[in-house]
Amino acid sequence: MQNRNLEMLEKYGQFLLPVLPFRDIVITRGKGSTITDANGDTYLDVNSGQYCAALGHSNPEVASLLLKIANKIQDTDTATLSEEVLLCAEKLHHLTPEMNSRIIFLSTGAEANECALRYAKHIKERPGIIAFEQGYHGLTHGTAGYSMSRHRIRPPLPHSYTISAPQHFGTEPGDFQIEEQLSQFKDVLAKYADQIAAAIFEPIVSGGGMIFPDARFFKRIRELCNQFDVFMVFDECQTGFGRTGKLFHYQNLGVVPDFVVAAKAIGLGYPVACVLANGHTVTHEHFLMQHYSSHQNEPFAAALMAFGLDTIQSQGLLESNVAKGQKLLGIFNRLEKSFNCIRNGRGVGLMGGFDLFVEGVDDYRATGTRFCNLALENKLLLQHCNNGRTIRFLPNFYISDDDFRMLESKLNCTLQAFLSE
Ligand SMILES: Cc1ncc(COP(=O)(O)O)c(C=O)c1O
């Protein structure tokens, strides 16, 4: 593995900053659920780029929208608004009635998390943040301190508290179990509530292992946040924008956060993020903190997002994402029956995954990489998470029955190769 990484660094690292081992393919174009490389090989992409190209690659309507906006304006100064921004903010506000949302458009998920957490700390006048040990909120200086990679931050971020994300595959936890899962959260609040501004969670913990906490867990978190006067922040960078069958996953769970952070799919493949602040709890009197960045409230971001919102509504994509999610689960179930090394197939809407299981293996990093490399040989682009243990799937919303058939066949070939090595 190490050799392969070194080889890739040698091949591509001369002019690029090598922050991660590159795959040995160079993409020339994408179309729908596929991408084609410089050798003319076509790969199935079941992760919509980096979970961003929600309406597929080279979507002609997205392309013409970008052209239209590029012909109109390139950039606005940070304090000047455009009609696109006003229109999209109003749209989003009406689609999130529980939140009475007020919106800021930004560029990346990490930037939006920074903004929400900065706001939360400013309002509560406290420095502390609680997060899941397995959570991921980006890799800026601040967000990395609240993500599973926190141990790499030097110096470690002070007042950063963690709790375990609750895991229960295939079984519904009882109320007693839910209270047990909350014990760490209650302990942290009991000791440090006067230091804590916010609790930030991915409502589905993706990179940390495709963990789906029960709605009752988050409802109790909401109650405890109210009780201890702590903001609840949902990082919906992956779950948001219809992927799980509602516009935001908090709407599936029936809890209303104080801040919702969205990114990835909302930009349809381009750098767009946003923060929705709950207008009931983050009121105008709080808006004294200034947040300033070059690409804040950009018309192209709002135009892309508004187009995405209209498309999701007019084409019934929320419903079809749920139906397609069932197809994904069907594939996982059939694979589990044929291959003992696949376990815990799980998912909600178009966000799913399964675990690899190999007798005698505890550290799955090399195993997960080997699996994804074999998939690549079968012209299937996959990503592992959870330190190699879990393979995750976040396809674009137009993934077709043919794509699903191709996926199942490629996974079958990959698994056969995986077991025969
Ligand atoms: C849940 C979650 N939050 C935040 C981020 C960071 O987003 P970005 O990479 O756009 O900064 C990611 C990116 O993978 C994510 O999955």
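Atoms within each ligand, like the ligands themselves, are counted from 1 in listed order. From a predicted model like this one, the values you see are computed outputs, not experimental measurements.
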Kindly list each side-chain donor-acceptor pair under 3.5 angstrom involving residues 247-259, sequence neighbours excluded, with atom names and distances?
| unit_1 | atom_1 | unit_2 | atom_2 | d |
| --- | --- | --- | --- | --- |
| H249 | ND1 | T244 | OG1 | 2.9 |
| H249 | ND1 | N252 | ND2 | 3.2 |
| Y250 | OH | E98 | OE1 | 2.7 |
| Q251 | OE1 | L247 | N | 3.3 |
| Q251 | OE1 | F248 | N | 3.0 |
| Q251 | NE2 | L95 | O | 3.2 |
| Q251 | NE2 | E98 | OE1 | 3.4 |
| N252 | ND2 | T244 | O | 2.9 |
| N252 | ND2 | T244 | OG1 | 3.2 |
| D258 | OD1 | T281 | OG1 | 2.8 |
| D258 | OD2 | R222 | NH1 | 3.1 |
| D258 | OD2 | R222 | NH2 | 3.0 |
| D258 | OD2 | M232 | N | 2.7 |

Shell of residues surrounding ligand 1, defined by a 4.0 angstrom heavy-atom cut-off that is strict = T108, G109, A110, N113, Y136, H137, G138, E202, D235, C237, Q238, K264

Can we say R389 and D362 salt-bridge, meaning some charged N sits less than 4.0 Å from an Asp/Glu carboxylate O?
->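 A salt bridge is absent here (no side-chain N lies under 4.0 Å from a carboxylate O).
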
Are the charged groups of E133 and R150 less than 4.0 angstrom apart, N to O?
->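 Between R150 and E133 there is no salt bridge, as every charged N stays at least 4.0 Å from the carboxylate O atoms.
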
Side-chain donor-acceptor contact under 3.5 Å, T76 with S82 | no

Taking atom types as modelled, is there a side-chain donor on Q184 or Y161 under 3.5 Å from an acceptor on the other?
-> no

Distance under 6.0 Å and angle within 45° of ring axis: K124 vs F231 | yes

